[in-house]
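Take a look at the structure set out below.
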Amino acid sequence: MTIPIKQRIANIALVVEDYDDAIAFYTKKLNFELIEDTDLGAGKRWIQISPPNANGTTLLLAKASNAQQEQSVGNQAGGRVFLFLQTNDFWRDYEAMKGQGVEFNEEPRVEAYGTVVVFKDLYGTKWDLLQLNNAAGNDS
């Protein structure tokens, strides 16, 4: 009997300058949950965060530990949007983030697939806040 392949992407590493600053930004400004913060010794920590009520992939905050890694902070996708935060209520989340001082690169726009806006995290990494419309497969 062959066991079917079952895999998933568990974590996406996000290189940051400072663990505590990153935790504060994501938990206070984006309302993410701190899933785990384990001290690994020698200044390293295993920190996982995720959006509220998420069920799957988490962000693994990884502190830059050398010059090459420091150069990638805020530019992990070469200036493109790196991460996509999908929501079931775009305007609720947009207004909450705006109220917390999150920096947006543009005004929200409606596209064929849904409503979207680009924002930056505390280091300048670009994200999309996105609510897919029903035609694009959003079940909410």
Side-chain angles (χ1 to χ4, degrees):
M1 176 178 194
T2 303
I3 298 173
I5 295 173
K6 183 176 181 180
Q7 300 175 336
R8 71 180 180 98
I9 296 174
N11 301 323
I12 296 174
L14 182 63
V15 182
V16 299
E17 288 179 7
D18 181 85
Y19 290 127
D20 294 321
D21 290 347
I23 291 169
F25 176 85
Y26 287 105
T27 60
K28 305 265 189 271
K29 295 189 182 278
L30 300 188
N31 197 34
F32 279 28
E33 297 172 350
L34 179 61
I35 305 300
E36 182 178 356
D37 184 353
T38 301
D39 187 340
L40 301 176
K44 291 182 113 180
R45 290 157 64 183
W46 180 266
I47 300 172
Q48 295 181 75
I49 59 171
S50 74
N53 301 311
N55 58 355
T57 306
T58 65
L59 285 180
L60 178 67
L61 302 181
K63 185 176 177 182
S65 61
N66 61 43
Q68 181 181 5
Q69 292 174 13
E70 288 169 2
Q71 290 176 351
S72 71
V73 173
N75 192 29
Q76 294 177 75
R80 296 184 59 104
V81 170
F82 180 55
L83 298 163
F84 298 78
L85 179 58
Q86 191 171 327
T87 180
N88 65 348
D89 188 334
F90 177 89
W91 294 105
R92 172 199 63 208
D93 295 342
Y94 171 74
E95 292 299 334
M97 290 164 64
K98 197 170 159 184
Q100 288 295 327
V102 172
E103 181 183 343
F104 291 90
N105 290 30
E106 61 187 6
E107 292 299 315
R109 62 187 194 281
V110 177
E111 300 287 350
Y113 53 84
T115 306
V116 64
V117 68
V118 177
F119 69 94
K120 293 181 182 179
D121 72 9
L122 73 164
Y123 299 117
T125 300
K126 290 182 183 175
W127 289 65
D128 269 0
L129 175 64
L130 170 66
Q131 182 176 4
L132 296 175
N133 62 29
N134 288 336
N138 190 17
D139 294 333
S140 52

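Just so you know, residue 1 is the first one in the sequence shown, and it goes up from there. In what follows, every heavy atom counts, from backbone to side chain, and hydrogens, waters and symmetry copies are set aside.
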Identify the two heavy atoms, one from [X] and one from [Y], that lie closest to each other, and give their separation to 0.1 Å.
X: Thr125; Y: Gly74; answer: OG1-CA, 3.3 Å
X: Tyr19; Y: Lys44; answer: OH-CA, 3.6 Å
X: Val73; Y: Val16; answer: CG2-C, 4.0 Å
X: Phe32; Y: Pro52; answer: CA-CD, 4.3 Å
X: Met97; Y: Phe104; answer: CB-CZ, 3.9 Å
X: Leu132; Y: Gln86; answer: CD1-NE2, 3.5 Å

Inset, instruction - Would you mind reporting whether Thr57 and Ile12 have side-chain heavy atoms less than 4.5 Å apart? - result: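 SC-SC contact between Ile12 and Thr57 confirmed.
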Inset, instruction - Kindly indicate whether the side chain of Asp21, heavy atoms from C-beta on, has any atom under 4.5 Å from the side chain of Tyr123. - result: yes
Inset, instruction - Would you indicate whether Asp39, at its atom CG, is surrounded by more than 12 heavy atoms from other residues, nucleotides or ligands within a distance under 6.0 Å? - result: yes
[X]: side chain to side chain contact (heavy atoms under 4.5 Å, CB included) partners, not counting sequence neighbours:
X: Ala24; answer: none
X: Asp37; answer: Ile23, Leu34, Arg45, Ile47
X: Ile3; answer: none
X: Lys29; answer: Phe25, Gln100, Val102

Inset, instruction - May I have all residue pairs that pass side-chain hydrogen bond (donor to acceptor under 3.5 Å, both in side chains) and include part of residues 67-85, sequence neighbours excluded? - result: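 Sorted pair list: Ser65-Gln69.
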Hydrophobic cluster (4.5 angstrom, side-chain heavy atoms) - remaining members for [X]:
X: Ile35; answer: none
X: Trp46; answer: Leu40, Leu60
X: Val81; answer: Phe84, Val118

Legend entry - Summary of salt bridge (charged side-chain N to carboxylate O under 4.0 Å, His left out) pairs that have at least one residue in residues 118-134, sequence neighbours excluded: Glu103-Lys120
Point-to-point distance, once rounded to the nearest 0.5 Å, from [atom1] of [X] to [atom2] of [Y]:
X: Glu33; Y: Thr27; atom1: CD; atom2: OG1; value: 10.5 Å
X: Gln7; Y: Ile9; atom1: CD; atom2: CD1; value: 9.5 Å
X: Leu14; Y: Leu59; atom1: CG; atom2: CG; value: 5.5 Å
X: Ile49; Y: Glu36; atom1: CD1; atom2: CD; value: 13.0 Å

Inset, instruction - Check whether Leu130 and Trp91 end up in the same hydrophobic cluster, where Ile, Leu, Val, Met, Phe, Trp and Tyr are linked by side-chain heavy atoms less than 4.5 Å apart. - result: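 No, Leu130 and Trp91 fall in different hydrophobic clusters.
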Inset, instruction - Identify whether Val116 and Leu129 are in the same connected component of the hydrophobic contact network (ILVMFWY, side-chain heavy atoms under 4.5 Å). - result: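 No; Leu129 is not reachable from Val116 via cluster members.
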Inset, instruction - Measure the acute angle between the ring planes of Trp127 and Phe119, then classify it against the limits of 30° and 60° as parallel, tilted or perpendicular. - result: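 The arrangement is parallel - the two ring planes meet at less than 30°.
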Inset, instruction - For the pair Tyr94 and Phe90, name the ring-plane relationship: parallel under 30°, tilted 30 to 60°, perpendicular over 60°. - result: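 Correct class here is parallel.
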Inset, instruction - Could you tell me which residues satisfy salt bridge (charged side-chain N to carboxylate O under 4.0 Å, His left out) with Glu111, sequence neighbours excluded, listed by chain and number? - result: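 Listed in chain order: Arg109.
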Inset, instruction - Ignoring hydrogens and angles, tell me if any N or O in the side chain of Asn133 forms a donor-acceptor pair with the backbone of Ala112 under 3.5 Å. - result: yes
Legend entry - Partners passing side chain to side chain donor-acceptor pair (under 3.5 Å) against Glu107 (at least two apart in sequence or in another chain): none
Legend entry - All side chain to side chain donor-acceptor pair (under 3.5 Å) counterparts of Asn11, not counting sequence neighbours: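 So Asn11 forms a side chain to side chain donor-acceptor pair (under 3.5 Å) with Thr58.
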